[in-house]
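Step one of this worksheet: look at the structure below.
FYI, the numbering just counts along the sequence from 1. First listed ligand is number 1; within each ligand, the first listed atom is number 1.
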Amino acid sequence: MSPTFSDKARGASRILGTGRCVPEEVITNEDLEKIIDTTDEWITTRTGMKRRHKVAEGEATSDLAAVALRRAGEDAGIELTDLDAIIVGTASPDMPFPSTACFVQQHLNLPGIPVFDISAACSGFIYGSTLANSLIAAGQFEMVAVIGAETLTRITNYQDRSTCVLFGDAAGAAIFGPSDGERGVIAAYIGADGNLSHLLNMPGGGSREPATHETVDARRHFIHMEGSEVFKSAVRAMESSAKRAIEIAGIRLEEVDLLIPHQANVRIIKALTSRINIPPEKVYINVQEYGNTSAASIPIAFDEARELGIVSEGSVIVMVAFGGGFTWGSLVVRL
Ligand SMILES: CC(C)(COP(=O)(O)OP(=O)(O)OC[C@H]1O[C@@H](n2cnc3c(N)ncnc32)[C@H](O)[C@@H]1OP(=O)(O)O)[C@@H](O)C(=O)NCCC(=O)NCCS
């Protein structure tokens, strides 16, 4: 049974502001050529990636997340003390517990409000946004921050050439507040299939395989991925999610001004684009600059697209994600 989007949830909230934080240090394809058996040509043709960013020594996911949220608050023109909740989507938390959201709250000195993480891997921002909209629709909260934040370079195995070229660090944030009727979230759709959890995960460090010398030696505390299986599922799930969300929104494809897909691989994005049949100029791609930043990829792309003036008030934007779990989802907003 697929979840539905109620009339109460439709248009309940709108995005008041966005922000992003990208660490300064850059890992280029040429840098990777020096540490593993790869080439710029292979990485570029198979993934579209040229660069990815990396946090500084001692920096953690919450540090990036707090900066992104502060910038989103400035963009929205609100005081962060007006927030009623903070939701962080991440697969690379500061610690297994407490939540990364607790550290974000601490950095920004916002004690009191509820804060929590969502574990939906690369779909974390879409899951968090869907929840934020529902909480606002229910009258529980008025203003909710959703952050997608990752330091994937911390859990990337730089001895595995099939995964280490893919991932980067960043954070993106959006602030959801009451809608003014015209603008807002006009559809949200999320789903998952835990049967496919073995294809993309970090096996070590949880209750199934607690950390031991053996798990560390076996490099179990890094991302494990079966790339080609993930690739096929990603295209299928993002296609059906985007189509479903557009259908729920009750809009025609021609009314979509911009598609922001999760930036996992340019070939996944191109396959998705042709299946949905949306013109390439309406698809935002920045994977060449950041690699796959998991939950951060959609909010940083969204923030960039707003900054560049690619979207503005009234634009209809479809965001679509896919991630470990597997999880997937799509959000349609009228800015
Ligand atoms: C990872 C991915 C880029 C690999 O591309 P691919 O075309 O599927 O490549 P394969 O895994 O079939 O590997 C093909 C060959 O390239 C090699 N290869 C893998 N990584 C390489 C690298 N960095 N440099 C050079 N060669 C590499 C493989 O060893 C293999 O060699 P072989 O044929 O001699 O065995 C691709 O599967 C992918 O993007 N998957 C989805 C990943 C993803 O998006 N994950 C996150 C989802 S949210």
ILVMFWY cluster, V55 and F167 together (side-chain gap under 4.5 Å): no
Connected hydrophobic set around M143, excluding itself, where side chains approach under 4.5 Å: L16, L69, I78, L80, L83, I86, V88, V104, L108, L110, I113, V115, I147, I175
Which N/O atoms of ligand 1 sit under 3.5 Å from a protein N/O, and at what distances?
| from | atom 1 | to | atom 2 | distance (Å) |
| --- | --- | --- | --- | --- |
| ligand 1 | 7 (O) | R46 | NH1 | 2.7 |
| ligand 1 | 7 (O) | R267 | NH2 | 3.3 |
| ligand 1 | 9 (O) | R46 | NH1 | 3.3 |
| ligand 1 | 16 (O) | W42 | NE1 | 3.4 |
| ligand 1 | 23 (N) | T38 | OG1 | 3.1 |
| ligand 1 | 23 (N) | R161 | O | 2.9 |
| ligand 1 | 24 (N) | T38 | OG1 | 2.6 |
| ligand 1 | 26 (N) | W42 | NE1 | 3.4 |
| ligand 1 | 26 (N) | R161 | NH1 | 3.4 |
| ligand 1 | 29 (O) | R161 | NH2 | 2.9 |
| ligand 1 | 37 (O) | G227 | O | 3.3 |
| ligand 1 | 39 (O) | N265 | ND2 | 2.6 |
| ligand 1 | 40 (N) | G227 | O | 3.0 |

Partners meeting ring pair (Phe, Tyr, Trp, His ring centres under 6.0 Å) with Y290 (sequence neighbours left out): H53
Any side-chain donor near an acceptor of the partner, E150 and S294, under 3.5 Å: yes
Ring pair (Phe, Tyr, Trp, His ring centres under 6.0 Å) contacts in which one or both residues fall within residues 207-259, not counting sequence neighbours: none
Heavy atoms of other groups near E281 CD, more than 12 under 6.0 Å: yes
